[in-house]
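These notes concern the structure reproduced below.
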Protein chains: 2
Amino acid sequence: MGATVTSRVFDLLGAFDAGHRSLTLSALARRAGLPLATAHRLVADLRRCGALDRRPDGEYVIGRRLWDLGLLAPMRTGLRQAASPFLHDLYGATLATVHLAVRDGAEALYIDRLAGHVSVPIVSDVGSRLPLHATGVGKVLLAHAPDDVVAAALARLTRITPYTVTEPARLLAQVRRIRAEGYATTGEEMSLGACSVAVPVRGPADEVVAALGIVVPTLRRERPKLVAALQVAAQGISRTLARS
Amino acid sequence: MGATVTSRVFDLLGAFDAGHRSLTLSALARRAGLPLATAHRLVADLRRCGALDRRPDGEYVIGRRLWDLGLLAPMRTGLRQAASPFLHDLYGATLATVHLAVRDGAEALYIDRLAGHVSVPIVSDVGSRLPLHATGVGKVLLAHAPDDVVAAALARLTRITPYTVTEPARLLAQVRRIRAEGYATTGEEMSLGACSVAVPVRGPADEVVAALGIVVPTLRRERPKLVAALQVAAQGISRTLARS
DNA sequence: GCGCTCCTTCCGTTCAGCGGAAGGCAAGTA
DNA sequence: TACTTGCCTTCCGCTGAACGGAAGGAGCGC
């Protein structure tokens, strides 16, 4: 690996993740695999650039500059904008947490999320990546992914809760059903006490560009209603995407 | 200015802004004030780190890595999460575009935004900064800012539309009224065809931590209803903030 | 006191970064 | 075709910025 300053800078920044939003200098250096003195200097530079902030307690956090820059990334901006109003509609109709995700390699990347007042235990957040086999949106994305991705996913089905599907054959059957019926469901497979329903969002050429899902405490017999609401919203998003 | 690699990297990244989300290499170098060869090498490094992407047409855009990092920034995460459901409620009740902003120096920084299907011409977006004197949320934040900020703002009131308030005395009178009545309004002062109403969001110690506003085509005689809805939502946010 | 972990500063070495210059496309112009 | 203009890319010798071990605090617990 080339030891350019740029790569070191991103090694440092990469030390932050969802579970480590603030770090001490030494933790930063340790996680980035850099000598303390080097980390110290780079961190000082980054702070001068506004990329890192130092909180009163001495720990470092990602700074405003990076927040600004991140918002400029073309992360499906069009998709997010097109979907936004429909997510609200869905929330209004179901009062459930609503998710919009795309497939990023072998993971589902959540690009928008809309949570209500009372929420089921939910792990996802905007920007987080979750496996394809244990969530509603994940299964939808998996069902419409290229064969090699499906194969790779089936190869390692990690158990997350007692209800997570870990037998390849069973997941494959689900994938087939999802393709046929047009929606996916999960029952506490990612998080206990949380069930989900999800449908694909299609682009102009009918290809699946994203998945739209909601999370509810229990499916009971609301499933048909939820599926219908999701499909209406998904079609609305597709229509909005088409004209732009 | 120290010519550290880190600063150069951020000079490059800083060449992107809301109006320039994609740039050619030479534009990037020009805007960053760097020699072409230098920019070329740094851009290659950044691309290797995932901080920049190259689109098929050859232009560079902010990459996914920075999007991820930006989401880790503690940009009022607590405030955003607390406010989120109330923004939806507001949208549901009014069908207007809803904004949540904080004061960042002498500007209003929009930290969340919720737009409906049909929207009035609106300039703001999440992450954008707008002056304090020409928007609803801006005026609210101005009215509860320290005296020196108010003085600085009054000193340069740039005209944006024919209706923008540019006389210091008049804005000062408005600021006093906003403090007394608890809400602010604007009429096409930022963008023609867009009026707004905004109220303060208060923290545990009754200090103003943010402003909550909505944008509508016209105020007509809906103002009392809108103000009431906003105040209910703002109090809800404050209550949610208090217990956490 | 002693040990521990953390942060900061110093300084001589050296190698990564620098950037002018030159070359290669691709489009537009005459 | 020949010339211009704007891009992007590569080369290469010089040099000073980055490096990181080491030493020196500062704070805390025992």
Side-chain angles (χ1 to χ4, degrees), chain A residues 1-66 69 72-74, chain B residues 1-66 69 72-74:
Chain A
M1 79 144 195
T4 78
V5 177
T6 310
S7 74
R8 274 180 233 262
V9 161
F10 279 91
D11 286 346
L12 268 181
L13 295 177
F16 293 94
D17 63 31
H20 302 82
R21 290 177 177 239
S22 71
L23 295 167
T24 66
L25 174 61
S26 18
L28 212 42
R30 210 177 315 122
R31 289 171 62 87
L34 292 175
L36 190 58
T38 303
H40 183 259
R41 183 171 26 81
L42 287 180
V43 162
D45 286 350
L46 286 171
R47 206 139 77 94
R48 219 166 291 126
C49 295
L52 288 182
D53 271 350
R54 188 165 205 185
R55 293 191 316 196
D57 65 4
E59 300 217 332
Y60 291 94
V61 293
I62 300 284
R64 236 207 350 254
R65 186 80 181 270
L66 285 176
L69 284 172
L72 293 175
Chain B
M1 78 144 195
T4 79
V5 176
T6 310
S7 73
R8 275 180 232 261
V9 161
F10 280 92
D11 286 345
L12 268 181
L13 294 177
F16 294 93
D17 62 32
H20 301 83
R21 290 178 178 239
S22 71
L23 294 167
T24 66
L25 175 60
S26 18
L28 211 42
R30 210 176 315 121
R31 289 170 61 88
L34 292 175
L36 191 58
T38 304
H40 182 259
R41 184 169 28 78
L42 288 179
V43 163
D45 286 349
L46 287 170
R47 206 140 79 94
R48 217 166 292 126
C49 295
L52 288 183
D53 272 350
R54 187 165 204 184
R55 292 191 318 195
D57 65 4
E59 300 217 331
Y60 291 95
V61 293
I62 299 285
R64 229 198 10 240
R65 187 81 181 271
L66 285 175
L69 284 171
L72 293 174

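Reminder, nothing fancy here: chain letters follow the sequence lines and each chain counts from 1. From a predicted model like this one, the values you see are computed outputs, not experimental measurements.
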Report, one pair per line, the protein and nucleotides 25-29 of chain C atoms (nitrogen or oxygen only) whose separation is under 3.5 Å.
none

Report yes if the side chains of [X] and [Y] come closer than 4.5 Å at any heavy-atom pair, otherwise no.
X: A/L34; Y: A/L28; answer: no
X: A/L66; Y: A/F16; answer: no
X: B/L13; Y: B/L46; answer: yes
X: A/R31; Y: A/D17; answer: yes

Inset, instruction - Check whether any side-chain nitrogen or oxygen of B/S26 sits under 4.0 Å from OP1 or OP2 of D/dC8, and answer yes or no. - result: yes

Legend entry - C/dT8 phosphate, OP1 or OP2, under 4.0 Å from A/H40 side-chain N/O: yes

Inset, instruction - Can you measure from CZ (A/R54) to OG1 (A/T24) and round to the nearest 0.5 angstrom? - result: 9.5 Å

Measure the distance from [atom1] on [X] to [atom2] on [N] and round it to the nearest whole Å.
X: A/L36; N: D/dA23; atom1: CG; atom2: C1'; value: 13 Å
X: A/L25; N: C/dC7; atom1: CG; atom2: P; value: 5 Å
X: B/R30; N: D/dT5; atom1: CZ; atom2: P; value: 16 Å

Legend entry - Protein-to-nucleotide contact annotation, 5' to 3' order, nucleotides 14-22 of chain C [B base; S sugar-phosphate only; - none; under 4.0 Å, heavy atom]: ---SBBB--

Inset, instruction - Using a strict cut-off of less than 4.0 Å between a Lys/Arg side-chain nitrogen and an Asp/Glu carboxylate oxygen, indicate whether B/D45 and B/R48 qualify as a salt bridge. - result: yes

Inset, instruction - Give a yes or no on this: more than 12 heavy atoms of other residues, nucleotides or ligands lie within 6.0 Å of atom CZ of A/R64. - result: no

Legend entry - Which atom of A/R55 lies closest to which atom of A/S22, heavy atoms considered: NH2-OG, 3.3 Å

